[in-house]
Asker: 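Have a look at this one before I ask anything.
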Amino acid sequence: MFAHNKRLQYTVRVNEPNPGLANLMLEQFGGPQGELAAAMRYFTQAVSEDDPGRKDMLFDIATEELSHLEVIGHIVAMLNKGAKGELAEAVDSEADLYKKIQGAGNDSHVTQVLYGGGPALVNSAGVPWTAAYIDTIGEPTADLRSNIAAEARAKIVYERLIALTDDPGVKEALGFLMTREIAHQKSFEKALYSIAPNFPPGKMPGDPRFANTYFNMSQGPGEMRGAWNQGENWDYVTDRDKQMAVDGGSGEAEVKLPAKDVDLLRQMAERTMSDPTIDPPTGAELGMGNQTLADGRTVSPGAQPSPGSPPLH
């Protein structure tokens, strides 16, 4: 059950309308790193979670993300407030009104006209929100890592939005939302490392022949060695021959087919075989037709006039 409190989790104080900034804020309303995506990601995980501790945590954070969606939505609405009235009442000339809401080359005129200045479930480029943003896979050791990464990406977007405005109230609210991303990362980290073991994700172990191998596939200037590819935990393979058919097989793709399928494939191969001994005319060559030079000579497609011939004018 959800119960709504009309007071926001954090007070929204907008110093002045700014339709362009409002449009950018939509990134955290209906974008892939936004609050709705986060809420839906954690809510769907919570519903299917069997561990009581993780289930409780996921429901708490999912519900808080909806509160953050509300904060961002109010920021968008407040930043659009002036333009909303001007657009609705058409108080300016067409050109002046368009100039105001388009300001500085942003796309706010799209969201103004289509959504009347309200927060739309689109990102800052106008792309509609989609459930494809939700990458839950149903394995806690994988989903918790994905959640940590999602909170990290959201924090970076908030940093960039904060850098784009000098409105102190907007900065303050965005700073709060950014900080909550950090808190959620910490909770997800604790939940992940409360599962032992938690790596590799899932149940099945990796093949020990390849689990600690680093294939140096991109060779040339700029190669680097570090903890990610050297030391006692890594088998560093740079020999090209040892990077192919590492299973000891032929390195070719093989399939066992019933005899009838082999016969059908052989028939198809014979029917579609290319003849490397011929040079047939093509549609492009036939379409060019014969070309007539200035001196009246005719040149067939692909042929060249003899040396010393007068040029074509």
Side-chain angles (χ1 to χ4, degrees), residues 31-34 37-62 65 130-157 159 180-258 261:
Q33 320 306 336
M40 294 300 97
R41 178 182 292 111
Y42 308 147
F43 181 79
T44 53
Q45 289 177 19
V47 169
S48 62
E49 179 59 70
D50 294 317
D51 181 86
R54 291 196 298 270
K55 190 180 193 76
D56 180 49
M57 175 195 68
L58 287 163
F59 270 132
D60 284 337
I61 295 179
E65 300 290 15
T130 170
Y133 295 154
I134 313 305
D135 56 6
T136 296
I137 200 170
E139 163 56 48
T141 56
D143 287 336
L144 287 169
R145 285 184 167 88
S146 179
N147 295 352
I148 294 164
E151 296 289 331
R153 291 192 297 268
K155 178 183 181 292
I156 297 305
V157 176
E159 286 185 5
R180 294 305 298 160
E181 309 293 348
I182 299 171
H184 294 164
Q185 286 182 66
K186 291 167 62 178
S187 292
F188 289 137
E189 288 263 8
K190 290 294 186 182
L192 173 62
Y193 288 99
S194 294
I195 304 172
N198 62 68
F199 186 86
K203 179 182 178 180
M204 296 178 64
D207 187 328
R209 294 178 299 168
F210 313 121
N212 300 313
T213 300
Y214 185 96
F215 292 112
N216 180 26
M217 293 290 196
S218 176
Q219 298 182 12
E223 289 187 46
M224 294 281 295
R225 301 294 299 274
W228 55 89
N229 65 10
Q230 73 177 3
E232 61 182 15
N233 294 324
W234 289 108
D235 178 19
Y236 187 80
V237 179
T238 190
D239 187 333
R240 291 297 193 196
D241 290 336
K242 294 181 179 180
Q243 295 175 354
M244 298 179 287
V246 296
D247 60 324
S250 66
E252 302 288 341
E254 302 173 357
V255 59
K256 292 183 178 180
L257 293 172
D261 289 341

Asker: How close do Y42 and I61 get, heavy atom to heavy atom, and via which atoms?
Answerer: CD1-CG2, 3.6 Å

Asker: Does E159 pair with K155 as a salt bridge, N-O distance under 4.0 Å?
Answerer: yes

Asker: Can you tell me if CD1 on I195 sees more than 12 non-hydrogen neighbours from other groups inside 6.0 Å?
Answerer: yes

Asker: Would the distance check show the side chain of R41 and the main-chain N or O of Q45 forming a donor-acceptor pair, the cut-off being under 3.5 Å?
Answerer: no

Asker: When rounded to the nearest 0.5 angstrom, what is the spacing between CG in N212 and CD in E232?
Answerer: 10.5 Å

Asker: Identify the heavy atoms of D51 and E49 that sit nearest to each other, and give their distance.
Answerer: N-OE2, 2.9 Å

Asker: Looking at every heavy atom in both D135 and S146, which two are closest together, and how far apart are they?
Answerer: OD2-OG, 2.9 Å

Asker: Using 0.5 Å steps for rounding, measure from the NE2 atom of H184 to the CD atom of E151.
Answerer: 6.0 Å

Asker: I'd like to know if the side chain of Q219 reaches the main chain of T238, judged simply by a donor and an acceptor atom lying under 3.5 Å from each other, with no hydrogens or angles considered.
Answerer: yes

Asker: Measure the spacing between CG of D143 and CD1 of I134 and express it to the nearest 0.5 Å.
Answerer: 11.0 Å

Asker: Which heavy atom in R54 sits nearest to a heavy atom in P140, and how many Å separate them?
Answerer: NH2-CG, 3.7 Å

Asker: Could you walk me through whether L58 and F188 pass the side chain to side chain contact (heavy atoms under 4.5 Å, CB included) test, one step at a time?
Answerer: CA-CA 9 Å; L58 287 163; F188 289 137; 3.9 Å; yes

Asker: Between T213 and D235, is there a donor-acceptor pair closer than 3.5 Å when you use the side chain of the first and the backbone of the second?
Answerer: no

Asker: Heavy atoms only: give me the nearest A37-G31 pair and the separation to one decimal.
Answerer: CB-O, 4.0 Å

Asker: Answer yes or no: are there more than 12 heavy-atom neighbours, outside D50 itself, under 6.0 Å from its atom CG?
Answerer: no

Asker: For the CZ atom on F199, are there more than 12 heavy atoms of other groups (residues, nucleotides or ligands in this structure) within a distance under 6.0 Å?
Answerer: no

Asker: Mind checking the CD-NZ spacing from E139 to K203? Nearest 0.5 Å is all I need.
Answerer: 11.0 Å

Asker: Hey, mind stepping through E181 and V157 against side chain to side chain contact (heavy atoms under 4.5 Å, CB included) and telling me if it holds?
Answerer: CA-CA 11 Å; E181 309 293 348; V157 176; over 6 Å; no

Asker: Hey, could you give me the CE/CG distance between M244 and D239, rounded to the nearest 0.5 Å?
Answerer: 8.0 Å

Asker: I'd like to know if the side chain of Q230 reaches the main chain of Y236, judged simply by a donor and an acceptor atom lying under 3.5 Å from each other, with no hydrogens or angles considered.
Answerer: no

Asker: Any donor-acceptor pair under 3.5 Å linking the side chain of E189 with the backbone of I148?
Answerer: no

Asker: Got more than 12 heavy atoms from elsewhere within 6.0 Å of CE, M204?
Answerer: no

Asker: When rounded to the nearest 0.5 angstrom, what distance separates CD1 in I137 from CZ in R145?
Answerer: 13.0 Å

Asker: Would you sort out whether I156 and Q33 count as a side chain to side chain contact (heavy atoms under 4.5 Å, CB included), showing the intermediate values?
Answerer: CA-CA 9 Å; I156 297 305; Q33 320 306 336; over 6 Å; no

Asker: Looking only at heavy atoms, which two atoms of M57 and S187 are closest? And how far apart?
Answerer: SD-O, 3.8 Å

Asker: Would you call the rings of F43 and F59 parallel, tilted or perpendicular, where under 30° means parallel and over 60° means perpendicular?
Answerer: perpendicular

Asker: Pair Y193, N198 - check side-chain hydrogen bond (donor to acceptor under 3.5 Å, both in side chains), show working.
Answerer: CA-CA 7 Å; Y193 288 99; N198 62 68; 5.1 Å; no

